[in-house]
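This one's a predicted model, so the numbers in the text were calculated from it and none came from an experiment. Residue numbers begin at 1 in each chain, while the letters A, B, ... track the order of the sequences.
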Protein chains: 2
Amino acid sequence: MTETRERVLDAAERLFAERGYTATSLRSIVASAGVNLAAIHYHFHSKEALLEAVVIRRAGPANRERLLLLEKCKMAARSKTPTLEKLLEAFLTPTFRAVQDSGEAVQFMRLVARIHAEGYLLPAIAKAHFGEVMASYTEAFLKALPHLTADEFRWRAHLATGAVAQALRPPEWLDGEAQAYKPIATEAVLQRLIGFLSAGFRVPMKNTKSRGAKCSVAS
Amino acid sequence: MTETRERVLDAAERLFAERGYTATSLRSIVASAGVNLAAIHYHFHSKEALLEAVVIRRAGPANRERLLLLEKCKMAARSKTPTLEKLLEAFLTPTFRAVQDSGEAVQFMRLVARIHAEGYLLPAIAKAHFGEVMASYTEAFLKALPHLTADEFRWRAHLATGAVAQALRPPEWLDGEAQAYKPIATEAVLQRLIGFLSAGFRVPMKNTKSRGAKCSVAS
DNA sequence: GTCTATAACTTGATAGAC
DNA sequence: GTCTATCAAGTTATAGAC
């Protein structure tokens with residue numbers, strides 16, 4: 001049965017999301033999926049390939065939708081460039097909306113947020129499957145942010161990435177139960193995130209000096 | 001020799017920062033520190049206690065300085081409440097400045113950013129050692145942000161935490177060498193971060209509705 | 001395609017000599 | 001305080017029967 005494959009993918013997605021990649025053993029996955037250990041090596045070659053399969057299953061469709069939404073934004077804005085808020089929403093919606101549409105995909109966002117910090121894993125996977133999307137959106141963002149140099153935009157996008165990842169994480173002030181089972185990335189969180197980020201991107205440049213917020217000790 | 005203790009702490013700090021907690025074995029730590037495996041269990045009880053010791057060594061002084069800087073801010077602002085930027089700088093400076101002052105502490109910030117996402121580890125440690133600082137600063141932040149409810153502030157602080165953690169991570173567009181050895185949290189990054197976050201905190205409430213950035217497909 | 005069995009190795013932790 | 005030696009458990013991965 002190729003249904004076994006799906007069961008493994010589902011279990012792996014959930015466990016990777018909850019515990020991270022290195023902390024999740026293949027044995028815990030097969031136990032959760034109710035399949036055999038050898039099956040995981042039959043369908044996927046290795047643990048790392050399994051992670052890649054998990055990511056691709058969700059990221060593939062999501063990225064296709066991102067490109068579609070970007071085109072829609074450009075159309076809607078006619079000759080003008082789309083607003084920053086619209087671009088952010090188009091980029092983030094496929095991730096956030098998955099929660100409400102299909103209960104299955106809930107865990108995936110947490111996986112991304114979780115694996116995001118595990119560094120050495122995603123670079124290989126990300127560059128292979130997110131390249132086109134990132135290039136298209138970067139171009140659009142730069143047009144919507146004419147006051148930023150490409151370098152400054154890269155830095156702010158870097159900061160924004162962290163905020164997005166954090167938005168996909170269950171807030172620590174929710175108790176364990178809620179953290180584990182409730183979908184946290186709702187429409188409200190998405191809108192909050194868009195407002196937060198767009199304000200950050202819109203800040204004028206040259207806060208290198210003169211931002212008179214010195215408060216330091218003598219030392 | 002109690003110098004062994006320090007060697008272990010230094011090595012653990014560096015390796016935890018680079019690879020994360022679960023991915024770092026005690027054996028790799030003793031190899032890097034040039035000490036014996038048993039020594040690590042003699043000086044610290046367990047791997048988890050070692051992590052806690054690593055965190056406390058840096059976070060203790062940093063948190064004391066945070067409280068000091070907060071008082072200085074309040075003094076400088078006289079009857080009025082300190083500005084958001086000054087509060088952010090007071091809170092973030094002890095972390096960021098450590099890079100420039102002592103080369104030793106460079107790794108620690110990355111450790112925090114790295115462990116930050118490993119979830120179940122920091123809650124126990126953080127609540128034990130950051131409680132007072134968080135309470136004092138939350139109070140000050142809420143006064144500086146009268147347009148936000150406590151709940152809304154908590155959400156935005158959640159997002160901001162992610163951005164801070166990301167600022168402490170080496171940007172992926174720097175090549176491997178630079179990622180590994182160059183201090184990335186410079187004064188410039190700190191100022192960028194302060195500008196980015198303060199703008200996000202200042203956004204008016206009620207972007208729950210009416211933020212007319214709909215760009216969704218029919219679906 | 002799925003299973004059992006097992007190889008080959010790494011992990012955190014400890015006992016006990018010195 | 002520091003060492004060697006070792007334990008018990010857990011890890012990924014594979015070979016081979018069915």
Side-chain angles (χ1 to χ4, degrees), chain A residues 1-57 111 114-115 117-125, chain B residues 1-57 107 111 114-115 117-125 128:
Chain A
M1 281 190 251
T2 182
E3 179 225 355
T4 297
R5 225 187 102 100
E6 291 298 311
R7 294 171 60 86
V8 171
L9 284 174
D10 288 340
E13 180 173 77
R14 188 171 57 79
L15 290 172
F16 282 154
E18 287 175 4
R19 312 177 191 174
Y21 175 77
T22 48
T24 302
S25 67
L26 294 182
R27 299 180 120 86
S28 67
I29 294 174
V30 301
S32 170
V35 303
N36 189 272
L37 175 61
I40 216 171
H41 283 101
Y42 173 80
H43 287 285
F44 318 89
H45 284 297
S46 64
K47 185 183 179 183
E48 196 166 342
L50 169 61
L51 172 64
E52 188 166 4
V54 168
V55 172
I56 291 177
R57 178 172 65 151
L111 182 145
R114 192 68 183 65
I115 303 295
E118 244 165 305
Y120 58 103
L121 293 167
L122 279 192
I125 300 175
Chain B
M1 282 190 249
T2 184
E3 179 225 355
T4 296
R5 225 187 103 98
E6 291 298 312
R7 294 170 58 85
V8 170
L9 284 174
D10 288 341
E13 181 173 76
R14 188 171 57 78
L15 290 172
F16 283 154
E18 287 174 3
R19 313 177 191 175
Y21 175 77
T22 48
T24 301
S25 67
L26 292 183
R27 299 180 128 88
S28 68
I29 293 174
V30 301
S32 170
V35 302
N36 189 272
L37 175 61
I40 216 171
H41 283 101
Y42 173 79
H43 287 285
F44 317 90
H45 283 297
S46 63
K47 185 184 178 183
E48 196 166 344
L50 169 60
L51 172 64
E52 188 166 6
V54 168
V55 172
I56 292 176
R57 179 172 65 152
Q107 301 292 345
L111 182 145
R114 190 69 182 64
I115 302 296
E118 245 166 304
Y120 59 105
L121 294 166
L122 278 192
I125 300 175

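- Closest approach of Val8(A) and Ile29(A) over heavy atoms only: O-CG2, 4.1 Å.
- The main-chain N or O of Arg19(B) is found under 3.5 Å from a side-chain atom of Arg114(B) such that the two form a donor-acceptor pair.
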Listed pairs under 3.5 Å, donor-acceptor, residues 30-39 of chain B side chains, sequence neighbours left out:
residue: Ser32(B); atom: OG; partner: Arg14(B); partner atom: NH2; Å: 2.6
residue: Asn36(B); atom: OD1; partner: Ala38(B); partner atom: N; Å: 2.7

Could you run down nucleotides 3-18 of chain C 5' to 3' and tag each one B, S or - for protein heavy-atom contact under 4.0 Å? BB------BBBB----
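- Heavy-atom minimum distance, Ile125(B) versus Glu52(B): CD1-CA, 3.8 Å.
- Between the side chain of Glu118(B) and the backbone N or O of Thr22(B), at least one donor-acceptor pair lies under 3.5 Å.
- Between the CD1 atom of Ile40(A) and the P atom of dT11(D) there is a distance of 12 Å, given to the nearest Å.
- Remark: Thr4(A) is in phosphate contact with dT2(C), judged by side-chain N or O atoms under 4.0 Å from OP1 or OP2.
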